[in-house]
Participant: 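Here it is: the structure, laid out below.
In this chain, numbering begins with 1 at the start of the sequence shown.
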Amino acid sequence: MMTGTETSESLDVQERTILTTDIVGSTALLRRYPNDMMSAMDLHDQVLNAAIRRHSGDPFRSTGDGVLAIFDRPLDAVMAAIEAQREMRRISWGPTGRLQIRLGIHTGLTRARGESDFFGPALPTASRLQSAANADQILLSGVTVERLATDLLRTPFQLSDLGEHHFKGID
């Protein structure tokens with residue numbers, strides 16, 4: 001039963017997994033190769049969006065030089081990130097050279113915002129993880145690793161514990 005202040009959107013608060021990406025050095029590349037970088041960005045977007053969709057994700061927002069995507073299952077987000085990285089290494093990039101990406105993955109509460117957007121505490125955490133990653137690195141939150149625990153025995157990847165890190169404004 002809904003009260004007068006609830007809407008169908010406010011009932012859509014769910015735990016989901018957010019994947020966020022960023023191209024390392026994109027501003028410098030854009031200045032150095034303005035025309036070539038536009039083509040490289042198109043290819044980047046195609047690779048990321050295809051990998052995300054193949055693993056049941058929704059690339060719901062472009063950040064200019066990155067993507068935010070949402071997944072119902074953490075394993076799907078990790079597999080999409082790995083596939084995107086592999087494909088990025090395989091492609092011939094031309095004058096810009098290979099675009100290197102950093103990725104962050106966090107599982108937490110989100111809520112639908114309109115037809116094709118999401119928000120909630122999971123987004124800034126995923127973004128902080130992505131910002132802390134090195135080039136070609138995927139950082140996962142502890143929560144995401146916990147949710148993956150049952151799948152880790154069946155996965156084609158291994159995780160490395162990089163220790164505990166604290167981000168300003170994130171519990």
Participant: Would you kindly confirm whether Leu68 and Phe71 end up in one hydrophobic cluster when ILVMFWY residues are joined by side chain heavy atoms under 4.5 Å apart?
Facilitator: no
Participant: Tell me whether Arg54 is salt-bridged to Asp76, with the criterion being a basic N under 4.0 Å from an acidic carboxylate O.
Facilitator: no
Participant: Tell me every residue that passes side-chain hydrogen bond (donor to acceptor under 3.5 Å, both in side chains) with Asp42, counting only those two or more places apart in sequence or in another chain.
Facilitator: none
Participant: Please answer: with hydrophobic residues joined when any side-chain heavy atoms are less than 4.5 Å apart, are Leu123 and Val143 in the same cluster?
Facilitator: no
Participant: Under 3.5 Å, is there a donor-acceptor pair linking the side chains of Arg147 and Thr107?
Facilitator: no
Participant: Give me the one residue out of Val24, Ile138, Leu48 that meets side chain to side chain contact (heavy atoms under 4.5 Å, CB included) with Ile101.
Facilitator: Leu48
Participant: Flag yes if Leu29 and Met38 sit in one hydrophobic cluster, no otherwise; membership is Ile, Leu, Val, Met, Phe, Trp, Tyr, and two members link when side-chain heavy atoms are under 4.5 Å apart.
Facilitator: yes
Participant: Identify the heavy atoms of Asp65 and Met41 that sit nearest to each other, and give their distance.
Facilitator: CA-CE, 3.6 Å
Participant: Can you check whether Val67's main-chain N or O pairs, donor with acceptor, with Thr21's side chain at less than 3.5 Å?
Facilitator: yes
Participant: Are the side chain of Trp93 and the backbone of Leu43 linked by a donor-acceptor contact shorter than 3.5 Å?
Facilitator: no
Participant: Mind checking whether Ile91 and Leu103 sit in one hydrophobic cluster, side chains of I, L, V, M, F, W, Y counted as touching below 4.5 Å?
Facilitator: yes
Participant: For the residue pair His44 and Met88, establish whether any side-chain heavy-atom pair is separated by less than 4.5 Å.
Facilitator: yes
Participant: Mind checking what makes ring pair (Phe, Tyr, Trp, His ring centres under 6.0 Å) contact with Phe60, not counting sequence neighbours?
Facilitator: Phe118
Participant: For Arg90, is there an ion pair with Glu87 - N to carboxylate O distance below 4.0 angstrom?
Facilitator: yes
Participant: A side-chain contact here means heavy atoms from C-beta on lying under 4.5 Å apart; do Leu19 and Ile52 qualify?
Facilitator: yes
Participant: So which heavy atom on Arg89 is nearest to which on Arg98, and how close?
Facilitator: CA-CD, 3.6 Å
Participant: Using the side-chain contact (heavy atoms from CB on, under 4.5 Å) criterion, which residues pair with Glu146? Sequence neighbours excluded.
Facilitator: none
Participant: Which heavy atom of Ile18 sits nearest to which heavy atom of Ala122, and what is that distance?
Facilitator: CG1-CB, 3.9 Å
Participant: Might you point out which heavy atoms bring Ala40 and Thr96 nearest each other, and give the distance in Å?
Facilitator: CB-OG1, 3.9 Å
Participant: By salt bridge (charged side-chain N to carboxylate O under 4.0 Å, His left out), which residues pair with Arg31, not counting sequence neighbours?
Facilitator: none
Participant: For the side chain of Asp117 and the backbone of Arg113, is there at least one donor-acceptor N/O pair under 3.5 Å apart?
Facilitator: no
Participant: Are the side chain of Thr144 and the backbone N or O of Leu140 linked by a donor-acceptor pair below 3.5 Å?
Facilitator: no
Participant: How far apart are the closest heavy atoms of Ala132 and Leu139, and which atoms are they?
Facilitator: C-CD1, 3.7 Å
Participant: Does Met37 reach the side chain of Leu99, with side-chain heavy atoms less than 4.5 Å apart?
Facilitator: yes
Participant: Test your reading of the model: is there a side-chain donor-acceptor pair from Arg102 to the backbone of Ala133, 3.5 Å cut-off?
Facilitator: yes
Participant: Judged by atom type as modelled, is there a donor-acceptor pair below 3.5 Å linking the side chain of Gln85 to the main-chain atoms of Asp136?
Facilitator: yes
Participant: At their closest point, which heavy atom of Ala126 faces which heavy atom of Thr20, and how far apart are they?
Facilitator: O-CG2, 3.1 Å
Participant: Using salt bridge (charged side-chain N to carboxylate O under 4.0 Å, His left out) as the criterion, list what pairs up with Arg53, not counting sequence neighbours.
Facilitator: none
Participant: Can you name the residues that form a salt bridge (charged side-chain N to carboxylate O under 4.0 Å, His left out) with Asp72, not counting sequence neighbours?
Facilitator: none
